[in-house]
Amino acid sequence: MITIALSKGTLLAPTLALLKRAGYVTEGLSAESRRLVFTCPKDDLTLLIVRPTDIPTYVEYGAADAGVVGKDVLLEQDRDVYEPLDLRIGACRISVAALRGQELRSRLSAKVRVATKYPNITERYFNGKGIPVEVIKLYGSIELAPVVGLAERIVDLVSSVKTLKAHHLVEVEVIAKSTARLIVNRASLKMKHGDLTDLIARLKRGRPKQTR
């Protein structure tokens, strides 16, 4: 039996739909379910429903053989896991945003204060551009930071600009595009090679077609 860690929240429903297209039987489990462990005996599969930020940890340390998580989480954490497949669901982007009217403001000679839940991605990005940055780590309501003067920029996950517009923010730059990825524990790939290879092949067939 293989164990797969799935992301709680908005990514769960499209992941379950992908598993169904791949031929896995997951009756009784839905995005509204409060269960954290679900067994699929017909497929020798156990599903764990956990926070997205915890999934790379579960997989790296072998508590799960595989996991489904956004590329944004992988870029932020840089965990030692195998990433064999882009699942082409949960598409969004990691973007820099600023208050409308201040998006063209340049502060190359002084530190730019940036609020984000992605401190590592943010620091790498601004350092790579040669811009001094002061990163303020937040866990939620990132869009509020420029409104109240806490930060001049934010770095956040954007799937549509509706939330940004609601807070008078505009997208300034796109750091990276993000989709859900299948990740696999390196030891499990050796010990359960046949089962995991089959999982990868079935998910590859079931994922949405590439769009240009």
Side-chain angles (χ1 to χ4, degrees), residues 5-16 30-34 36 49-58 67-79 86-181 183 208 211:
L6 305 184
S7 296
K8 279 183 179 180
T10 57
L11 194 55
L12 184 55
T15 302
L16 293 176
S30 70
E32 291 76 34
S33 176
R34 292 181 178 273
L36 301 179
I49 314 301
V50 300
R51 289 179 60 176
T53 52
D54 291 338
I55 286 180
T57 303
Y58 273 72
V68 175
V69 67
K71 182 65 175 179
D72 58 302
V73 177
L74 298 176
L75 288 172
E76 176 64 22
Q77 295 190 13
D78 192 28
R79 291 284 186 174
D86 180 349
L87 298 174
R88 300 176 185 165
I89 58 174
C92 49
R93 55 197 181 272
I94 306 167
S95 295
V96 182
L99 280 175
R100 187 176 302 280
Q102 297 185 18
E103 63 269 27
L104 299 179
R105 185 177 174 187
S106 179
R107 290 273 313 269
L108 297 182
S109 60
K111 278 190 177 181
V112 177
R113 188 179 292 171
V114 183
T116 185
K117 60 182 178 182
Y118 300 104
N120 294 325
I121 292 173
T122 300
E123 191 165 359
R124 284 198 305 266
Y125 178 73
F126 281 92
N127 287 345
K129 297 188 73 173
I131 301 174
V133 62
E134 179 184 352
V135 178
I136 299 175
K137 175 72 179 289
L138 295 178
Y139 295 90
S141 303
I142 309 295
E143 298 86 2
L144 190 60
V147 177
V148 299
L150 179 62
E152 299 156 285
R153 295 282 191 272
I154 66 170
V155 170
D156 203 9
L157 205 60
V158 177
S159 55
S160 75
V161 295
K162 289 182 180 179
T163 304
L164 294 180
K165 285 182 177 180
H167 294 86
H168 309 290
L169 298 171
V170 292
E171 198 171 15
V172 177
E173 298 167 278
V174 175
I175 296 176
K177 293 183 178 180
S178 175
T179 50
R181 308 301 171 97
I183 59 173
T211 55

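Position 1 is the first residue of the sequence; numbering continues from there. Everything numeric in this text was worked out from a predicted model, so none of it was measured.
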For this session: Go through the structure and list residues passing side-chain contact (heavy atoms from CB on, under 4.5 Å) with D86, not counting sequence neighbours.
Result: R88, T179, R181, R207
Exercise. Hey, does I136 have a side-chain heavy atom less than 4.5 Å from the side chain of V114?
Worked result: no
Problem set entry | Y118 side chain reached by L157 side chain, heavy atoms, under 4.5 Å | yes
For this session: Grab the two heavy atoms, one from L164 and one from A97, that are nearest each other, plus how far apart they are.
Result: CD2-CB, 4.0 Å
Exercise. Can you find a pair of side-chain heavy atoms, one from N120 and one from D78, that are under 4.5 Å apart?
Worked result: no
Exercise. Which pairs pass salt bridge (Lys or Arg N to Asp or Glu O under 4.0 Å) with one or both residues in residues 131-141, sequence neighbours excluded?
Worked result: R113-E134
Problem set entry | Interatomic distance, L144 atom CG to H167 atom NE2 [nearest 0.5 angstrom] | 6.5 Å
For this session: Please report the closest heavy-atom contact between D72 and I121, naming both atoms and the distance.
Result: O-CD1, 3.6 Å
Exercise. With a 4.5 Å heavy-atom cut-off, do I94 and Y125 have their side chains touching?
Worked result: no
Exercise. Taking all non-hydrogen atoms of both residues, which atom of V112 and which atom of I131 are closest, and how far apart?
Worked result: CG2-CG2, 3.8 Å
For this session: Could you check if a side-chain atom of I154 sits within less than 4.5 angstrom of a side-chain atom of L169, using non-hydrogen atoms only?
Result: yes
Problem set entry | Backbone N/O of K71 and side chain of S178: donor-acceptor pair under 3.5 Å | yes
For this session: Carefully, step by step, assess E173 and K129 under the rule side chain to side chain contact (heavy atoms under 4.5 Å, CB included).
Result: CA-CA 12 Å; E173 298 167 278; K129 297 188 73 173; 2.3 Å; yes
Problem set entry | Sequence neighbours excluded - salt bridge (Lys or Arg N to Asp or Glu O under 4.0 Å) pairs with any residue from residues 158-169 | none
Seminar exercise, completed: All heavy atoms of L16 vs all of L6, minimum pair found to be CD2-CD1, 4.0 Å
For this session: Of all the heavy-atom pairs spanning P56 and I183, show the shortest one and how long it is.
Result: CA-CD1, 4.0 Å
Problem set entry | Side-chain donor or acceptor of E152 paired with backbone N/O of P146 under 3.5 Å | no
Exercise. Can you list the residues that meet the side-chain contact (heavy atoms from CB on, under 4.5 Å) rule with S159, with sequence neighbours excluded?
Worked result: C92
List, one per line, each side-chain donor-acceptor pair under 3.5 Å for residues 7-15, sequence neighbours excluded.
unit_1 : atom_1 : unit_2 : atom_2 : d
S7     : OG     : V68    : O      : 2.9
T15    : OG1    : L11    : O      : 2.7

Exercise. Side-chain contact, heavy-atom cut-off 4.5 Å: Q77 with T53?
Worked result: yes
Exercise. Who are the side-chain contact (heavy atoms from CB on, under 4.5 Å) partners of R93, not counting sequence neighbours?
Worked result: S95, V158, V161, E171, V174
Exercise. What do the steps show when you test V73 against I55 for side chain to side chain contact (heavy atoms under 4.5 Å, CB included), and what is the final call?
Worked result: CA-CA 9 Å; V73 177; I55 286 180; over 6 Å; no
Exercise. Just by distance, do the side chain of D54 and the backbone of V50 share a donor-acceptor pair under 3.5 Å?
Worked result: no
Problem set entry | Min side-chain heavy-atom separation D156-T116 under 4.5 Å | no
For this session: Please examine the side chains of E143 and T163, heavy atoms only from C-beta on, and report whether any two atoms are closer than 4.5 Å.
Result: yes
